[in-house]
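Presented below is the structure to which this report refers.
Hydrogens, waters and symmetry mates play no part in the numbers below; they use all other heavy atoms, side chains included. What you see is a predicted model; the values in this text were computed from it and never measured.
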Amino acid sequence: MNKAKSKRKKRAVIRFMAFSLPALVVYTLFWMVPIVMSAGISFTDWTGMTKLSESSFIGLKNYKNLFSDSILKITIRNNLLYGLITILLVPVLAFIVAYMIENFTRKKALFRTVAYLPAILPSIVVVMLWKWMYNPSYGLVNKILEAIGLGNFGTGWLTNSDTALYAVTAAAVWKMVPTYFVLFMAGLQSVSKDLTEAAVLDGAGRMQVIRNVILPSINRITTIVYILIFIDVFRVFDLIYAMTNGGPGYYNTEMILTYGYKTTFTNSNAGYGMAITTTLILFAMLCTGVQLYFQSRKE
C-alpha cells in the first residue's frame, strides 16, 4: 500500500511540475521580466530614442519629480473620478442584468449571448460606435434629447470639457458590465434553491431574499468582481486614447496610463514614463493585497 501511495504521489508531483513549470516560465517572461525592466529604467534618464546603455543612473530623481508634476495630479483626479463611477455602477448593473436574465427570462441562452456582446466587441468598434452616438450633429444621444424635448442639453459630448470624462466613462461602463455579469450569473446559479425557497416560505420578499440570502451566498464572487474592476480602473487606456486622446482642453480625460505612455513615447522621456507606470503598478498591487487581506479576515 505504501509503495502504491508513493507512486501516486510521484505521478502527482510529475504532473504538477509538467503543467506548472511552463506556466511559471511564461508568467516570468511576459509579466515579471517587463515589470522589473520598467522599474530599472525608471532609475535612469533614458529617452527611449537611444541605446539604454547610453543612459545615466539618476537614482530617485524621476520619483521625486512625480510630486511636483501638475499634469500627473490632473490625471490622478481623472482616474479617481473615473474609478469612483465605474466601481459604483458596474457591479450593481452587472448584478441586475444577471438577476433579471436568471429569474425573468425563458430563453436564457439568447439573452446571455445578447447581453455579453459588448464585451467581445473590439475596442476600436466600441470607440467608433460611441463616437457616432456622441456626435453633436447627428449622434443618437442628442437626437434622443431632442425627441423628448431636452434638445437644449445637447452638446459635443467628447469635445466639451465639462462632459468628456463622463462620456468616456459611460462607454467604459457599457463595455465592462457584460464581463462581470457573467461572473454574477455563475454565482447566482450556485445559490442553493432550498435557501431561497425557505426564505420565501418564511415570508421574505424579493428584496429581502436578495439582501439576506443571495448576496451573502455570492460574497466571494462579489469580492472578485470589485478587485477586477479596481484593477481595470488603473489600466484603462485604449478607450481614452482612441476617443479623446486625453482631451479636450487641458488634459480633461487624461489618465495615469495614457500620460505615462505619452511621456515615454511622445515626449521621449522613458525614464520618467517608467516611473509613472511602476508607481501605478505598485499602488494597484498594494491596494489589491490590502483588500484581499481584509476580505480574508472578514471571512
Give a yes or no on this: more than 12 heavy atoms of other residues, nucleotides or ligands lie within 6.0 Å of atom CZ of Phe57. yes

Gap separating the CD1 atom of Ile224 from the CG atom of Asn219, nearest 0.5 angstrom: 10.0 Å

Describe, in one word, how the ring planes of Phe234 and Phe283 are oriented to each other, choosing from parallel (under 30°), tilted (30 to 60°) and perpendicular (over 60°). perpendicular

Where the side chain of Thr278 meets the backbone of Ala275, is there a donor-acceptor pair that is under 3.5 Å apart? no

On a heavy-atom basis, the closest approach of Tyr116 and Pro178 is CD1-O, 3.5 Å

What do the steps show when you test Ile214 against Val209 for side-chain contact (heavy atoms from CB on, under 4.5 Å), and what is the final call? CA-CA 6 Å; Ile214 294 177; Val209 172; 4.2 Å; yes

Thr253 side, atom OG1; Tyr166 side, atom OH - distance, nearest 0.5 Å: 12.5 Å

Thr163 versus Trp157, closest heavy-atom pair with distance: OG1-O, 2.9 Å

Would you say Asp202's side chain and Ala204's backbone share a donor-acceptor pair under 3.5 angstrom? no

Going by atom types alone, do Asp69 and Tyr272 pair a side-chain donor with an acceptor below 3.5 Å? yes

Apply the test side-chain contact (heavy atoms from CB on, under 4.5 Å) to residues Tyr250 and Ile71: give CA-CA distance (whole Å), side-chain angles for both, the deciding distance (0.1 Å), then the verdict. CA-CA 9 Å; Tyr250 191 69; Ile71 299 176; 3.7 Å; yes

If you take all heavy atoms of Ile101 and Phe111, which pair is closest and at what distance? CD1-O, 3.8 Å

Decide whether Tyr63 and Ser42 meet the rule of one side-chain donor and one side-chain acceptor closer than 3.5 Å. yes

Are more than 12 heavy atoms, taken from residues, nucleotides or ligands other than Lys108, located less than 6.0 Å from that residue's NZ atom? yes

Taking the side chain as every heavy atom from C-beta outward, state whether Met243 and Val126 have any pair of such atoms under 4.5 Å apart. no

Parallel, tilted or perpendicular: ring planes of Tyr261 versus Tyr241, cut at 30 and 60 degrees: perpendicular

Above 12 or not: heavy atoms from other molecules or residues under 6.0 Å from CZ of Phe104? yes

I'd like to know if the side chain of Tyr134 and the backbone of Ala167 have a donor-acceptor N/O pair within less than 3.5 Å. yes

Among the clusters formed by ILVMFWY side chains lying less than 4.5 Å apart, do Leu89 and Val92 turn up in the same one? yes

Between Ile41 and Ala270, what is the shortest heavy-atom contact and its length? CG2-O, 4.1 Å

CD1 on Ile281 to CD1 on Ile231, rounded to 0.5 Å: 11.5 Å

Measure from the side-chain N and O atoms of Asn79 to the backbone N and O of Ile256, and report whether any donor-acceptor pair falls under 3.5 Å. yes

Backbone N/O of Ser56 and side chain of Asp45: donor-acceptor pair under 3.5 Å: yes

Tell me whether Phe181 shares a hydrophobic cluster with Leu110, the cluster being built from Ile, Leu, Val, Met, Phe, Trp, Tyr side chains joined at under 4.5 Å. no

Taking a hydrophobic cluster as the set of Ile, Leu, Val, Met, Phe, Trp and Tyr residues connected by side-chain heavy atoms closer than 4.5 Å, whether directly or through intermediates, do Val233 and Leu80 fall within one such cluster? yes

Can you check whether Met285's main-chain N or O pairs, donor with acceptor, with Thr288's side chain at less than 3.5 Å? no

Could you go through the side-chain contact (heavy atoms from CB on, under 4.5 Å) check for Lys262 and Tyr251 one step at a time? CA-CA 12 Å; Lys262 291 178 182 178; Tyr251 303 100; 5.6 Å; no

Check for a donor-acceptor pair, side chain of Asn62 on one end and backbone N or O of Thr44 on the other, with a separation under 3.5 Å. yes

Is there a path of hydrophobic side-chain contacts, each under 4.5 Å between heavy atoms, that joins Ile96 and Tyr180? yes

Do the side chains of Leu81 and Trp174 join up, straight or via other hydrophobic residues, at under 4.5 Å, putting them in one cluster? yes

For a 4.5 angstrom cut-off between non-hydrogen side-chain atoms, does Leu60 reach Phe43? yes

For Leu165 and Met255, what are the C-alpha separation, side-chain angles and deciding distance, and is it a side-chain contact (heavy atoms from CB on, under 4.5 Å)? CA-CA 10 Å; Leu165 181 59; Met255 300 292 170; 3.5 Å; yes

So, taking the atom named CZ in Phe265 and the one named CG in Asn267, what distance separates them when rounded to the nearest 0.5 Å? 12.0 Å

Distance in Å, Leu52 CG paired with Thr47 OG1, rounded so as to fall on 0.5 Å steps: 10.0 Å

Side-chain contact test, heavy atoms from C-beta onward, threshold under 4.5 Å: evaluate it for Ile144 versus Leu140 and give yes or no. yes

Test: Glu254 and Arg77 ion pair at under 4.0 Å: no

What are the two closest heavy atoms between Val191 and Ser217, and how far apart are they? CG2-CB, 3.9 Å

Mind checking whether Asp232 and Val236 have side chains closer than 4.5 Å, heavy atoms only? no

For residues Gly273 and Thr264, report the shortest heavy-atom separation together with the two atoms involved. CA-OG1, 3.3 Å

Supply the atom-to-atom distance Thr86 OG1 to Leu93 CG, rounded to the nearest 0.5 angstrom. 11.0 Å

Please walk me through it: do Asn78 and Tyr259 pass side-chain hydrogen bond (donor to acceptor under 3.5 Å, both in side chains)? CA-CA 11 Å; Asn78 292 339; Tyr259 179 54; over 6 Å; no

Just by distance, do the side chain of Lys175 and the backbone of Leu121 share a donor-acceptor pair under 3.5 Å? yes

Do the side chains of Arg112 and Glu102 get nearer than 4.5 Å, heavy atoms only? yes

Only one of Leu215, Ile221, Leu183 forms a side chain to side chain contact (heavy atoms under 4.5 Å, CB included) with Phe95, so which one is it? Leu215

